[in-house]
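One structure below.
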Amino acid sequence: MQKRNSISGSLRLAALPIALAGLFNVAHAQQQAAPAAAPTLSAAEKEQAKKIYFERCAGCHGVLRKGATGKNLEPHWSKKLPDGSTQEGGTLKLGQNRLEKIIAYGTEGGMVNFDDILSKDELALMAKYIQTTPDVPPEYSFKETMDSWKVIVPVKDRPTKQMNKYNLKNMFSVTLRDTGEVALIDGDTKEIRSIVKTGYAVHISRLSKSGRYVYVIGRDGRLSLIDLWMEKPAVVAELKIGFDARSVDTSKFKGYDDKYAIAGSYWPPQYVIMDGDTLKPLKVVSTRGMTVDGEYHPEPRVASIVSSEIKPEWVVNIKETGQILLVDYSDIKNLKTTTIESAKFLHDGGWDASKRYFLVAANASNKIAAVDTKLGKLAALIDTAKIPHPGRGANFVHPKFGPVWATGHLGADVVTLISTPSDNPKYKQYKQYNWKVVQEMKHVPGNLFVKTHPKSKHFWADAPQNPEKALAESVAVWDMADLSKPKKVINVAKDSGLPETKAIKRAVHPEYSADGTEVWISLWGGKTDQSAIVVYDDKTLAVKKVITDPKMITPTGKFNVYNTQHDIY
Ligand code: DHE
């Protein structure tokens, strides 16, 4: 069996909240009896296995083990039959030995190897654990959501104008993944202005329409609201929106500036609508229901959420069902939702250049779904190479095919360019290409994020999940006038000047400065390793600055205030 840790490798690094594992013990958890032939585990073994499962496996396979990016892991599939046979109806049944090997060494199908992070005993334990019936965690009601709400600085006590002298437009909110913090880094001086405690294994930051508030969501479902106008920007409100979460956005339609926020939860599968400046919860909506294939799904997790600027609507992407919801926030009491069928396993995505179409990866279906938010309809479902992973994607004008949106791939060695429509008459000759894959640029597998900027001539792509150390530590840069091959492959780890380590320092998430002249790349090492952000001059591709403050532990996503506020990518 081949060792493979590139495809969907983010999941092996995923750390779901330990607290969530604990929740499975609560009295109202709907424990189900294990099937007759399931291996038995002591109470201590079960606890340990649950914790490992939530930290390492649930992101791909789901809490209920129904499968998404990763395979279904329910016992009917994993358990040897009571009579010892391994075959049923043509489906391979996996026993202890085979499961241990798969978990240790991964598979060609994309399962990553865990032999370097789990001990032999832990591998055996996990093989046993997934042959037992999954536990069902508790639900989380509106009342519980409300009970978790904390206003740290009431609106009346907040400044009425910006009290610091920072150039807020060029501030970066940087995820410090393993410490559960964000660093607010001044893009002009490269100094850390504030380190703010947020949720566990914090995931993304998004901006309010005005650019004043930063919303940070942790994997433990803790949403933190940071006020950038304070003399020292700090958290002014908090809300626990669920037990396990990844997404947040704000109301960006004219007249709704900073009015509402929405956050999506993986468990329980639901989203929460809140007041934008206090996080007071207003409504919790379940996403359980039918998949696009017409099967009921008990765990349809909320993946990416984005806010329209042309309607008072959020685009809410439901992973397991493949349903894209357009949630109209103009009347929250009488909430109207348009449900658009696309393809299963929706994950991340971004706007096209016109901000009329939202393009989202149905990653395990190897498709991109494009939604026309003006008409409230699916515009196209586009087949792509394996496991598209756009982040928010990147928009530029291709020399031959006109306006395109780009996605990278976790599972393929290309960057895919898809032609997008434009109302601009100067692009009318490109209409024939719309919604077609017009080019696949040669890259390497294990790509997570691509980026460019309207003022740039360059296109950047990382490859942090590539198993080759040198590739995972590098990024590729194309000249957009000649996309036949990367103009340069930059080894960011070498450029950082940090000492060479055996552990990979993954170069991840290129992000532009507000004026589009600099590109910031995180070097994501181990929790005890020195990490860095390397800042490049976008024109010359030379290093401009290496930010190596010891407080900056495991930096990953970086969100420039202006670019995030205006969805510039
Ligand atoms: Fe992410 C975006 C889910 C692992 C860094 N990630 C997203 C989004 C989702 C998601 C649904 C889109 C949010 C939105 O736009 O509203 N991520 C998941 C997972 O389920 C997964 C695969 C496993 C897990 O258990 O969490 C996962 N993600 C990771 C990582 O390991 C990364 C690389 C490092 C980290 O900090 O955790 C990571 N994800 C990011 C980043 C974005 C993101 C930086 C935002 C990209 C952007 O430019 O907007």
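Position 1 is the first residue of the sequence; numbering continues from there. We count ligands from 1, going down the list as the structure has it; atoms in each ligand are counted the same way. Everything numeric here is computed off the predicted structure, so don't read it as measured data.
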Regarding atom 26 (O) of ligand 1: of the candidates His347, Arg246, Arg206, Arg56, which has the closest heavy atom? Arg246

Note: ligand 1 atoms sitting under 4.0 Å from heavy atoms of Gly59 are 25 (O)

Please determine if Arg246 forms a cation-pi arrangement with Tyr266, meaning its NZ or CZ atom is less than 6.0 Å from the six-membered ring centre and no more than 45° off the ring axis. yes

With a cut-off of under 6.0 Å to the ring centre and 45° to the axis, is Arg219 in cation-pi contact with Tyr200? no

Lys190 and Glu518 ion-paired at < 4.0 Å: yes

Do Ser208 and Tyr215 have side-chain heavy atoms sitting under 4.5 Å apart? yes

Can you tell me if Asp515 and Tyr562 form a side-chain donor-acceptor pair at under 3.5 Å? no

Using the test side chain to side chain donor-acceptor pair (under 3.5 Å), find all partners of Tyr271 that sit at least two apart in sequence or belong to another chain. none

Determine, considering heavy atoms only, which of Phe559, Phe449, Phe54 sits nearest to atom 41 (C) of ligand 1. Phe449

Check the side chains of Glu468 and Asn466 for a donor-acceptor pair under 3.5 angstrom, ignoring hydrogens and angles. no

What atoms of ligand 1 come closer than 4.0 angstrom to any heavy atom of Thr556? 34 (C), 35 (C), 36 (O)

Looking at His203, the N/O/S atom that lies nearest to atom 1 (Fe) of ligand 1 is called NE2

Would you kindly specify which portion of Trp524 sits under 4.0 Å from ligand 1, judged on non-hydrogen atoms: side chain, backbone, both or neither? side chain

Sorted by chain and residue number, the salt bridge (charged side-chain N to carboxylate O under 4.0 Å, His left out) partners of Lys367 (sequence neighbours excluded) come out as Asp383

His509-ligand 1 polar pair, N/O distance under 3.5 Å: yes

Cation-pi, Phe345 ring and Lys319 (6.0 angstrom, 45 degrees): no

Using distance alone, decide if ligand 1 has a nitrogen or oxygen within less than 3.5 Å of any nitrogen or oxygen in Asp348. no

Could you list the atoms of ligand 1 found under 4.0 angstrom from a heavy atom of Ile305? 14 (C), 16 (O)

Side chain, backbone, both or neither: which part of Lys319 has a heavy atom under 4.0 Å from ligand 1? neither

Just which atoms of ligand 1 are under 4.0 Å from any heavy atom in Ala303? 11 (C)

Where's the contact between Leu448 and ligand 1, heavy-atom distance under 4.0 Å: side chain, backbone, both or neither? side chain

Would you mind running through ligand 1 and noting each atom that sits below 4.0 Å from a heavy atom of Tyr266? 3 (C), 18 (C), 19 (C), 20 (O)

Of all the atoms in ligand 1, which lie at a distance below 4.0 Å from a heavy atom belonging to Ile204? 2 (C), 13 (C), 14 (C), 16 (O), 42 (C), 43 (C), 45 (C)

Nearest option to atom 27 (C) of ligand 1, as decided by whichever heavy atom of Arg392, Arg219, Lys558 sits closest: Arg219

Just to check, does Tyr569 reach to within less than 4.0 Å of ligand 1 when the distance is taken from its heavy atoms? no

If we only count heavy atoms from C-beta on, is the Trp267 to Leu64 side-chain gap below 4.5 Å? yes

